[in-house]
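What follows is one structure encoded as structure tokens, with my remarks underneath.
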Amino acid sequence: ITMKILLLTFLVTYFYYAYSSFNRSLIYRECNYSEVDFMLLGTSMSNKMRIFLLGDSLIGQMCRDTKFCGRAEDGTLDMVNLKPNYTSEYNWSYFRMHHLHGVPVVKIFHLGQYGGNVPTFEKELYWNFKPRSFDILIVLFGAHFHSQGTLEDFITKAYNRLAIPFPGKVYWLEPFPQHFQRGIFDMKIEATTKHIDCFPLIPERNATQFWKASTVQSIVKETTKIKIIHTYDLLASFDRCHKEVKYLQKNGNRDCTHYTPVAYSHVWRELSYVMLKGG
């Protein structure tokens, strides 16, 4: 009897995930890539330019998971881990954008994959790399903050100590929306309920997290060299474009924070549009 129960449980679980995966494959047809005009974008780049991605795993995936950052001839990502001499707490990732449709090779550095504090980022960015006027800084923080006061303090310090002193262009991305049951990630809800899909951003779910975008809007001031990229509204309807089923969280629930390359392609398109406008 025990074996029959185990077998039945296995079959039910298997067919549930198989059916959900099939549905997910149909849903993804609604998530279309947004093409970036690499030829046109390349006219604004040079071999001397470096792009610094400052933020958490979301901004790292924007490069690692998309075709915007080139891949080696064997199809593997051209990435080398860098370890600074003065700290071992944070990993850096180095990406090289290959020649794509005439785009020159551009070095892309991701600082702060696993978080960190502003003084550490400041030391890494300004002591080690010594950015120049033709470099670009792209910033994204907010997904893993659960207190408005904590986020305000962090964004204020990052803006004053990282963005304002940067000699080149700065593009600050609004925190991406999350599509959990409550909207924002809620540990209590996630621990007690199961879901294999993410949820549309209805007004109630939006109300739990829009404070993250408004915090950035209230602190980061746009200038001739600092621009805010309005990615919160851009990705608001992308609840069906989060990580595939195979990336379920440890509790079996869907990851409704990180997105698929499809969604990230829309972010790159918005970024490139602002860059090409001369912003």
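We're numbering straight along the sequence, starting at 1.
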* **pair M62-V267: side-chain heavy atoms closer than 4.5 Å** => yes
* Structure fact -> Sequence neighbours excluded, the answer for ring pair (Phe, Tyr, Trp, His ring centres under 6.0 Å) partners of Y273 is none
* Work out which heavy atom in A213 is nearest to a heavy atom in P175; give both atom names and the distance. => CA-CD, 4.0 Å
* Is there a donor-acceptor contact under 3.5 Å from the side chain of T260 to the main chain of C241? -> yes
* **Whether K221 side chain and S218 backbone form a donor-acceptor pair below 3.5 Å** => yes
* Asked: How far does CG of L151 sit from CD1 of I219, to the nearest 0.5 angstrom?
  -> 7.0 Å
* To do: Name all residues meeting the ring pair (Phe, Tyr, Trp, His ring centres under 6.0 Å) criterion together with Y159; count only those two or more places apart in sequence or in a different chain, and write none if there are none.
  => none
* **Co-members of the apolar cluster containing L201 [side chain, <4.5 Å]** => F210, Y232
Tabulate below the donor-acceptor pairs under 3.5 Å that side-chain atoms of residues 132-145 make, not counting sequence neighbours, or state none.
unit_1, atom_1, unit_2, atom_2, d
R132, NH2, K48, O, 3.4
D135, OD1, R50, N, 2.9
D135, OD2, R50, NE, 3.3
D135, OD2, R50, NH2, 2.8
D135, OD2, R132, N, 2.8

* To do: Please check if any side-chain donor atom of Y259 sits under 3.5 Å from a side-chain acceptor atom of Q61, or the reverse.
  => no
* Would you say the side chains of Q178 and T257 form a donor-acceptor pair under 3.5 Å? -> yes
* For residues 201-215, which residue pairs qualify under salt bridge (Lys or Arg N to Asp or Glu O under 4.0 Å), counting only residues two or more places apart or in two chains? -> none
* Distance from Q148 atom CD to S214 atom OG, nearest 0.5 Å? -> 6.0 Å
* Shared-cluster residues of I202, by chain and number - hydrophobic side chains joined below 4.5 Å -> none
* Asked: Listed by chain and number, what are the side-chain contact (heavy atoms from CB on, under 4.5 Å) partners of H146, not counting sequence neighbours?
  -> F185
* Asked: Who are the ring pair (Phe, Tyr, Trp, His ring centres under 6.0 Å) partners of F238, not counting sequence neighbours?
  -> H266
* **Donor on one side chain, acceptor on other, H258 and D255, under 3.5 Å** => yes
* To do: Provide the closest heavy-atom pair for Q209 versus G183 in the form atom of the first, atom of the second, distance.
  => NE2-C, 3.4 Å
* Asked: Which residue pairs pass the salt bridge (Lys or Arg N to Asp or Glu O under 4.0 Å) test when at least one of the two sits in residues 140-168, sequence neighbours left out?
  -> E122-R161, D153-K157
* To do: Drop me the distance from Y126's OH to L162's CG, to the nearest 0.5 angstrom.
  => 6.0 Å
* To do: Measure the NE2-CG distance between H242 and L235 for me, rounded to the nearest 0.5 Å.
  => 8.0 Å
* Structure fact -> OG1 (T193) and CZ (F180) are apart, to the nearest 0.5 Å, by 10.5 Å
* Asked: Side-chain contact, heavy-atom cut-off 4.5 Å: E174 with I228?
  -> yes
* To do: Identify the heavy atoms of P165 and N160 that sit nearest to each other, and give their distance.
  => CD-O, 3.4 Å
* **Donor-acceptor contact present, side-chain T208 to main-chain I184, <3.5 Å** => yes
* For F52, which residues count as a ring pair (Phe, Tyr, Trp, His ring centres under 6.0 Å) partner, sequence neighbours excluded? -> F109, F129
* **Residues in side-chain contact (heavy atoms from CB on, under 4.5 Å) contact with S237, at least two apart in sequence or another chain** => none
* Under the salt bridge (Lys or Arg N to Asp or Glu O under 4.0 Å) test, which residues partner D186, sequence neighbours left out? -> R182
* CG/D197 to CG/D239 distance, rounded to the nearest 0.5 angstrom? -> 9.0 Å
* Say whether V220 and W211 are linked into one hydrophobic cluster, either directly or through other cluster members, by side-chain heavy-atom distances under 4.5 angstrom. => yes
* N/O donor-acceptor pair under 3.5 Å between K227 side chain and L173 backbone -> no
